[in-house]
Amino acid sequence: MSRSPVWHPFTQHGLEPPMKRIVSAEGAFLTDEDGNRLFDAISSWWVITHGHRHPAIMAAIRAATETFDQVIFAEFSHEPAETLARGLIELAPAGLSHVFYSDSGSTAVEVALKMALGYFHNCGEKRDRIVVLEHGYHGDTIGTMSTGERGVFNAAYEPLLFGVDRLAFPEAGNGQHTLDMFESFCRSGRIAALLIEPLVLGAGGMKMYNPHVLAGLREIAKLHGCLLIADEVMTGWGRTGSLFACEQAGISPDILCTSKGLTGGSLPLAATLCSAAIFEAHFSTDRRKTFFHSSSYTANPIACAAAVANLDVWRDEPVMQRIGQLQQALSVNLKRFAHYRRFTDVRQMGTIAALDLAVPAGGYLAEAGPRMRYLFRDRGFVIRPLGNVLYLMPPYCSTLEDIAHAFDAIDEVTGIVTETA
Ligand code: PMP
């Protein structure tokens with residue numbers, strides 16, 4: 001067979017074997033072209049919440065295609081977008097009153113940054129700096145890379161990235177240091193917004209921090225008139241054990257970004273929710289105060305219909321109960337690793353379980369990740385370690401047996417990798 005012309009994301013094609021094709025997806029499993037069933041332990045990059053191809057969401061998509069494809073979203077609206085916006089406002093933390101649609105997590109964050117800067121611009125206040133958390137990840141566009149952790153992933157693009165102020169990650173027992181840093185950045189009077197992943201930093205290594213720190217940051221932002229942007233692209237839709245992670249800190253952000261699980265993972269869609277004050281700052285008879293952002297596929301009606309069906313699933317099915325059971329299954333299985341010397345940090349928040357594999361320094365790290373990935377795949381699991389961080393973030397339909405098997409695989413694979421290091 002000739003080489004595929006497809007260029008895959010985050011893939012070094014010079015090292016990877018040809019891609020296996022997935023031929024179908026159902027529940028918590030993918031089936032490849034050789035008929036192998038793979039447990040999707042990372043929910044296909046964290047998008048699948050209830051399971052692949054939830055029947056009600058698939059039915060809503062089929063029904064929407066009878067009347068819609070893409071329709072222009074400036075000058076016109078449509079019922080799926082209207083219903084979804086109302087539903088989102090009802091479910092989201094209090095105080096968020098407007099919904100702006102886009103297509104991915106990255107664009108949801110780009111929109112949030114533009115809303116924040118636009119707010120101060122239209123209010124005639126000179127605030128143009130963004131504060132972020134060390135180890136953060138917000139996407140792969142130029143703006144979101146600028147706000148994320150710098151490293152090998154974005155070194156080539158460095159000349160185009162803008163500067164931000166970075167807070168130290170609030171390690172356990174050291175939250176006050178992070179709060180003090182934020183307070184001192186705020187005193188400059190230049191801070192437009194704090195952009196933060198609430199409670200769990202995903203791509204930065206499933207780093208978890210205390211809800212009290214998030215509540216403290218909210219307080220400081222309010223005190224200094226700086227906006228809080230919650231990037232709930234990964235943490236939203238139940239991942240941390242509550243619908244949105246912000247709930248656990250008892251806070252409402254000024255702007256909230258959601259994508260991934262918004263459609264249950266079925267179709268690409270994103271929404272950036274904001275407070276009335278931010279909308280009002282752009283509401284004017286002066287066209288220069290318009291929110292200048294769009295993309296061709298804004299509010300795709302079929303994706304919106306899938307998201308409306310997802311909201312119905314949350315309302316009609318015992319989703320929180322499934323999350324509770326999954327949470328319990330992860331916790332029981334994690335316990336057996338608590339005293340393993342090969343793991344340095346075993347942790348969990350909601351449906352996210354993570355373990356740091358103790359690895360010798362040096363070039364080892366580069367090879368351990370892909371090596372484990374292949375070993376997992378040979379055993380029927382899609383598990384992609386982030387460097388030396390192993391994690392599971394399974395769909396909520398996963399059974400106790402699926403979870404136990406995934407942990408058996410982690411035990412075996414990390415055993416192989418550490419013995420032959
Ligand atoms: N924010 C967070 C917290 C994410 O985890 C991600 C994706 N992993 C993004 C933004 C970017 O989302 P997307 O890949 O859909 O652009």
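Counting convention: from 1, in listed order, for ligands and their atoms alike.
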Looking only at the side chains, is there a donor atom on one of Thr141 and Glu110 sitting less than 3.5 Å from an acceptor on the other?
yes
So which residues, sorted by chain and number, lie with a heavy atom under 4.0 Å of ligand 1?
Trp46, Ser104, Gly105, Ser106, Tyr137, His138, Gly139, Glu197, Asp231, Val233, Met234, Lys260
Quick one about Tyr119 and Asp254 (side-chain donor to acceptor, distance below 3.5 Å, no hydrogens or angles considered), yes or no?
no
Polar contact flag, side-chain donor to acceptor under 3.5 angstrom, Glu317-His54:
yes
Return a table of donor-acceptor pairs under 3.5 angstrom between the side chains of residues 90-101 and protein atoms on other chains or two or more places apart.
residue : atom : partner : partner atom : Å
Ser97   : OG   : Ala276  : N            : 3.1
Tyr101  : OH   : Ala81   : O            : 2.7
Tyr101  : OH   : Ala85   : N            : 3.1

Applying salt bridge (charged side-chain N to carboxylate O under 4.0 Å, His left out), run through Arg373 and Glu16 and close with a yes or a no.
CA-CA 11 Å; Arg373 189 151 52 76; Glu16 292 283 328; 2.7 Å; yes
Does the ring of Tyr396 carry Arg322 above it, NZ/CZ under 6.0 angstrom from centre and within 45° of its axis?
no
